[in-house]
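Take a look at the structure below.
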Amino acid sequence: MRYWFAVLCAVSVACGTTLLSGCGRPVAASPNPQPQAANEIRETLLAGASEGGGSQAAASTGTGWGTLRGTFKFAGTPPTPGTLDVTRDTEVCSANGPIRDNSLLVGPDKGIANVVVYARVNRVHDSAKPLEPGADVEPLVFDQKDCMFTTHVMACQVNQPIDIKNSDPVGHNTKIDPRTGVPFNQTVGAGGSLGYKLVSEEALPAPVSCSIHPWMQAYMLPREDKYFAVTTSDGGFEIPNLPAGEEIELQVWHERGGGPGGAVVLPRKDLKWTRKGRFKVNLKQDETLDLGELEVPGSALK
Amino acid sequence: MRTILSGCVRFTPCLALVLLVGCGQSDPPQFTLDMVAIAEKQIPANQQQKVANILEAMFGTPDDPFVLPETGLDLAKLQMAAGPVKSDQFGHETGLYRRHCAHCHGTTGDGLGPTAMILNPYPRDYRQGKFKFKSTERPAKPTDYDLETVLRQGVQGTAMPSFALLPDAQIDALVEYVKYLSMRGQTEIGLTDAMADLSEGEELPLTHDTLVAEILAPVAESWQEAPDKIIPTDGDNAKPDMPKAESIAAGEKLFYSAKANCAKCHGWSALGDGQTNDYDDWSKAIHEAEESLASDVNTLNEAEMSAEEREALARHVALLSSALATDALPPRHAIPRNLRQGVYRGGRAPYDIYRRIYAGINGAPMPAVGPPFPGAPGTLTSDEIWNLVDYVLSLPYEPISQPPRDQRAVSRAQL
């Protein structure tokens, strides 16, 4: 009796589970809202803004400033970059030879270029303060030459004027798609230029493309503060004047990063590296912390 | 024991029956989340549940809509458009969205209604807050009048019909409901982005400051400020006093120039056969998700990684592929308009064409040539845009068989 009871229950449970969850493979199913939880949230929202307003930023606990540096290196044998499929305006675009695929640039000593490292902090040094709208600063040049963007990955501050140029004898259109900011898609005539500004901070770099020449690809990351760096051809980066004496979090991104949105996920438990491509450091006052070589395995990149 | 056993014996067939046959009456429809975006952003199940709850708190359900005062939306209009299709003894109809729109645009306004797959172009997915045919600056929202025009006139050359026979009050209610679905969709994007941005162990505060002031209000404001973003077609932007033939000739020259670049996409014969392998923003997102999935599958098959990493990646691959199978339409290339057919989706009036060239088409590869921001210099002057308008409107009347004129005798090979 006991035996049959067990069999029946097992069958009924198995049958129910299979029907409810399929055959073991996880399935993306939109969750049904929970009315009671929704009602509670609605009541909070109807009560309006809380006293004293906005910022929930955690209070800063440290003092002083420090510098962080490191070098991203490809672990193993890097793939040989291919060339892009140039299908338009070949007399101009291919004039200086085939266009190389710039999505993963590994130098002779295996340094990875165009990795973006940016900090999420509660305290900002004077030299890294946000730019006011209309700040009088020299525009950054974002040029197009030989049907490529000359800057493949650009990090800049919000409100930084950008001069979008076209140094080619053919027309381009520059399409910038920030997630929260204002999208932009303008024709830039041969030899022409246009002024542009990114007006709000992005959590991840925004793609830049050209509809006329679909192989053209670049990225722009606008940040409020100046705590960002893009690795150079040797894979190195340095961010000065970071808040010291407290734990700060840094985001690491690469165009081919395997994590969500291009996050670079490294197996570095010592740096509390997360699946969102973030790690934590605690700088001492006036310290220059060198993380040394940060090895990026092939599986961390797409 | 016997009681438990008999309970179990009776319960098993009942459970199986219920699971197989359902309960006779279908559940009320629910708004669904964009599972492709959620899979891509790798939002865990508990956070997905939270997003669904917050959205229900802010927007209610398809049968029982709700709006916060910050949206500026009119609940009475929404109630007329929402819910099941019904009319009372006085002939007042409700459920207008489900009656007229949902079969293409979907209950959630995600453009995933049952007929969507067989339509070309696909029905608009409102959730990104991007609308193509409007009178406002490129990134701005459409005005109520713009949406009303689309409803009354339909979109020529597409499956979107005219609803001109509906009473004014019903048109108003549907315009309000489209704005509601779009605000809900854009708020969902804001919420999942905010979830993706959280640090380990951090929770999204369920407060007015975070949910309304930071996420919902900017979306609502962009709708409220649309009337201030209309591109004028008078004053400085008025059509220049220029003989038509002269204006057409100037427009033709620009059309094929490296300054305006029209021919690059619309083709050297303006048949829409130039650049034909780009995507609009909606298809591009799916195309990129598919590419990312293919690359993850490749990594899974070829790269070396720890068992833990392998399991996480396999799970991500399964979720993303299941989302793409159920929550997305196959991406299609954006084909530039054939300008010789005289079919203009966003309206055929000269000022419609002027605004299309000035601001481009939001969400589509078609770029703007007017000022990127009001007051800034654009790629073309207003007069030059009007020349292009005259040329474009002359194209359907110019026989294609006529030998090409010297200035555009460019071989296809050069494209």
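Order of the sequence lines fixes the chain letters, A, B, ..., with proteins taken first and strands second; residue numbering starts at 1 for each chain. Atoms considered below: every heavy atom in the structure, side chains included; atoms not considered: hydrogens, waters and symmetry mates. Being a predicted model, the structure only gives us computed values, none of them experimental.
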Distance from R88(A) atom CZ to C265(B) atom SG, nearest 0.5 Å?
7.5 Å
Could you check whether D177(A) pairs with K284(B) (Lys NZ or Arg NE/NH1/NH2 to Asp/Glu carboxylate O, under 4.0 Å)?
no
Identify which part of N298(B) has an atom lying under 4.5 Å from any heavy atom of chain A, answering side chain, backbone, both or neither.
neither
So which part of P183(A) gets closer than 4.5 Å to some heavy atom of chain B, the side chain, the backbone, both or neither?
both
Contacting region of P377(B) [heavy-atom separation from chain A under 4.5 Å]
backbone
Could you tell me which portion of R138(B) (side chain, backbone, both or neither) has an atom closer than 4.5 angstrom to a non-hydrogen atom of chain A?
side chain
Could you state the interatomic distance from CG (L204(A)) to NZ (K41(B)), rounded to the nearest 0.5 Å?
10.0 Å
With only heavy atoms counted, which part of L216(B) is less than 4.5 Å from chain A, the side chain, the backbone, both or neither?
neither
Run T44(A) and H208(B) through side chain to side chain contact (heavy atoms under 4.5 Å, CB included) and show every step you take.
CA-CA 7 Å; T44(A) 319; H208(B) 187 278; 5.9 Å; no
Minimum heavy-atom distance P139(B)-V182(A), with the two atoms named:
CG-CG1, 3.3 Å
Based on non-hydrogen pairs under 4.5 Å, which of R275(A), H213(A), Q186(A) is most in contact with chain B?
Q186(A)
Please flag which part of P218(B) lies under 4.5 Å from any non-hydrogen atom of chain A: side chain, backbone, both or neither.
neither
Would you name the heavy atoms of Q275(B) and I212(A) that are closest together and state the gap between them?
NE2-O, 2.8 Å
What part of A196(B) is in contact with chain A, defined as an atom under 4.5 angstrom from a non-hydrogen atom: side chain, backbone, both or neither?
backbone
Kindly compute the distance separating NZ (K264(B)) from CG (D89(A)), expressed to the nearest 0.5 Å.
3.5 Å
Which one wins on heavy-atom pair count under 4.5 Å against chain B: A38(A), P267(A), G189(A)?
A38(A)
For T299(B), which atoms come within 4.5 Å of any heavy atom of chain A: side chain, backbone, both, or neither?
side chain
Most chain A-contacting option - heavy-atom pairs closer than 4.5 Å, from E200(B), E40(B), E309(B), M305(B)
E200(B)
G195(A) versus F373(B), closest heavy-atom pair with distance:
O-CE1, 3.8 Å
With a 4.5 angstrom heavy-atom cut-off, could you sort out which part of S306(B) is near chain A: side chain, backbone, both or neither?
neither
When rounded to the nearest 0.5 angstrom, what is the spacing between CG in N277(B) and OG in S211(A)?
10.5 Å
Heavy-atom contact with chain A under 4.5 Å, split by part of E304(B):
backbone
Could you tell me which portion of A260(B) (side chain, backbone, both or neither) has an atom closer than 4.5 angstrom to a non-hydrogen atom of chain A?
backbone
Top contributor to chain A contacts, counting heavy-atom pairs under 4.5 Å, from S222(B), P365(B), A303(B)
P365(B)
Does any heavy atom of chain A fall under 4.5 Å from the side chain of A39(B), the backbone, both, or neither of them?
neither
Sort A364(B) into side chain, backbone, both or neither according to what part of it lies under 4.5 angstrom from a heavy atom of chain A.
backbone
Can you confirm whether more than 12 heavy atoms, excluding those of E311(B), are under 6.0 Å from its CD atom?
no
Pick from R278(A), K276(A), R179(A): which one makes a salt bridge (charged side-chain N to carboxylate O under 4.0 Å, His left out) with D197(B)?
R278(A)
Quick check on N53(B) against chain A: is it the side chain, the backbone, both or neither that has a heavy atom closer than 4.5 Å?
both
Under a 4.5 Å heavy-atom cut-off, does chain A meet the side chain of L211(B), its backbone, both or neither?
side chain
Sort out for me which of K175(A), R120(A), E43(A), E249(A) touches chain B most, counting heavy-atom pairs under 4.5 Å.
R120(A)
Can you check whether T187(A)'s main-chain N or O pairs, donor with acceptor, with T379(B)'s side chain at less than 3.5 Å?
yes
Side chains of N261(B) and N173(A): closer than 4.5 Å at any heavy-atom pair?
no
Is A263(A) close to chain B through its backbone or its side chain, or both, or neither, when contacts mean heavy atoms under 4.5 Å?
neither
Below 4.5 Å from any heavy atom of chain B, which atoms of T174(A) appear? Answer side chain, backbone, both or neither.
neither
Would you say E70(B) and L45(A) make side-chain contact, with heavy atoms under 4.5 Å?
no
Heavy-atom distance under 4.5 Å to chain B: side chain of P35(A), backbone, both or neither?
both
Is any side-chain heavy atom of Y196(A) less than 4.5 Å from a side-chain heavy atom of P372(B)?
no
State whether the side chain of N185(A) and the backbone N or O of N362(B) hold a donor-acceptor pair below 3.5 Å, judged by distance alone.
no
So which heavy atom on A52(B) is nearest to which on P33(A), and how close?
O-CB, 3.8 Å
Look at the side chain of Q49(B) and the backbone N and O of N32(A), then say whether any donor-acceptor pair between them is shorter than 3.5 Å.
yes
Are more than 12 heavy atoms, taken from residues, nucleotides or ligands other than K145(A), located less than 6.0 Å from that residue's NZ atom?
yes
Exam field: side chain R42(A) to backbone L68(B), donor-acceptor pair closer than 3.5 Å:
no
Euclidean distance, F66(B) CZ relative to L46(A) CG, rounded to 0.5 Å
4.0 Å
CD of Q48(B) to OG of S30(A), rounded to nearest 0.5 Å, is 7.5 Å
